[in-house]
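Have a look at the structure below, then the notes.
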Amino acid sequence: MITIKNYVRPENIDDAYNCLISKKKGVLIGGGAFIRMGRKNITTAIDLSKANIDIIKETEDNIEIGGMTTFGKLERSPILEKYFSNMLAISVKDIVGVQLRNIVTVGGTVHSRYGFSDLITALLVLDTKVKLYKQGIASLEEFLIKGSEQVDILESIIIKKDKREAVFKSMRNSKGDYAILNVAVSKLEDRFRISVGARPSRATLAYNAMDYLNKNGYSYENILEASKMASNKIAFGTNSRGSKEYRRQICNVLLKRALLEVVGNEN
Ligand SMILES: Cc1cc2nc3c(=O)[nH]c(=O)nc-3n(C[C@H](O)[C@H](O)[C@H](O)COP(=O)(O)OP(=O)(O)OC[C@H]3O[C@@H](n4cnc5c(N)ncnc54)[C@H](O)[C@@H]3O)c2cc1C
C-alpha cells in the first residue's frame, strides 16, 4: 500500500518540474499502476495527468508521443497504425488487460527502464529519442544505458518517421504474466536492427547479429546464423519465469521467426 501526505496536480509540465525539484521527496505519478503495487510513504505526489503531455502528434519528420500517453492510446492510434507495421500497438496488446493498458503510461515505463518492458524492446529497433524536460533529447539507446543524470520528467519520446518494417514477438507463460523473453526486429532498406528484452534485464541491441546481416545480406542461412549469434552473445539471467539457458533457446527461435517475418517473401 502507498500513503500520500500531499497530493498536487500541476496544470503544465513546468509547474510539475518546479514542484518536483522543490520538494525533497516528491514522487511523479504517471498512471500510478506500478507505484501502487509497492509500499511507499510519499510526502508529495505529483500527478501528471493535467500536465498536457498526453499526446500522439505527427510532424513532417517525426512522431511524438507524450509521457502521459497510455498504452491503450498507442493501441488505438490511427497515426501509429500507419508506421512500422503497427508494431508499437502489437508490442503492448498482450499486457494484462484493457483496463490496465488504459492506465499505464509511456513515461512511467520508459523513464523507469524496466527490464520486463515490452514497449522498450519495440522502441529500441526504431530511431527513437527520449525528451527529458530539463536535460533535453537523447537517443533511447543511450538513455537505457545511462539513465537520467538528474531528477527529471520524461516529457515525450520522438520517433523518426521512416519506411521501416518491424516485427515484435514475445513468449509468456500466461496473458497476465511478464514476458519470459521479448524480441523486436526492424528492416529499413537492407539495414537491420535487432533488440532483445525481458532477459530478464533491460533490453539491449544485438550488435553482432545486426552487423552480420547488414554486411552479408539476409539469405535464409544468414538469418539462422544471425539468430544464433545474437542468442550466444547476449547475456541472459535466471528468475522464476525461466532459466538463462531456456531464455537463450527461446531467443534463437523468436529471432529466427521475427527476422523471417520482417523480410517477408523476399527469401
Ligand atoms: C499488474 C501489472 C502488470 C504489468 N505487466 C507488464 C507486462 O507484462 N509488460 C510490460 O511491458 N509492462 C507491464 N507492466 C508495467 C506497465 O507496462 C508500466 O510500465 C508501469 O505500470 C509503469 O507505468 P505507470 O504509468 O503505471 O507508472 P507509475 O506507476 O505512475 O510510475 C512508475 C515510476 O515512473 C515514474 N514516472 C511516471 N511517469 C513519469 C514521467 N513522465 N517521467 C519520469 N518519471 C515518471 C514514477 O515516479 C515511478 O517511479 C505491468 C504493470 C502492472 C501494474
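In what follows, residues are counted from 1 in the order of the sequence shown. Indexing begins at 1, ligand by ligand and atom by atom, following the structure's order. This is a predicted model, so every value here is computed, not measured.
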Legend entry - Sequence-distant partners of R101, side chain to side chain contact (heavy atoms under 4.5 Å, CB included), two or more places apart: F71, E75, I95, V98
Inset, instruction - Considering only NZ, NE, NH1 and NH2 on the basic side and carboxylate oxygens on the acidic side, decide whether K161 and E64 come within less than 4.0 Å. - result: no
Legend entry - Salt-bridge present (D118, K93; N to O < 4.0 Å): no
Inset, instruction - Apply side chain to side chain donor-acceptor pair (under 3.5 Å) to Y7 and list each qualifying residue two or more places apart in sequence or on a separate chain. - result: D47
Contacts table for residues 225-232: side-chain donor-acceptor under 3.5 angstrom, sequence neighbours left out:
from, atom 1, to, atom 2, distance (Å)
S227, OG, I223, O, 2.8
S227, OG, K256, N, 3.3
S231, OG, S227, O, 2.6
S231, OG, N252, N, 3.1
N232, ND2, K228, O, 3.3

Inset, instruction - Flag the pair K160 and D162 as a salt bridge only when some basic side-chain nitrogen lies within less than 4.0 angstrom of an acidic carboxylate oxygen. - result: no
Inset, instruction - List, ordered by chain and residue number, the protein residues whose closest non-hydrogen atom lies under 4.0 Å from any atom of ligand 1. - result: V27, L28, I29, G30, G31, G32, A33, F34, I35, M37, L48, F71, I95, V96, L100, V104, T105, G107, G108, T109, H111, S112, Y114, F116, S117, D118, D152, I153, L154, R172, D177, Y178
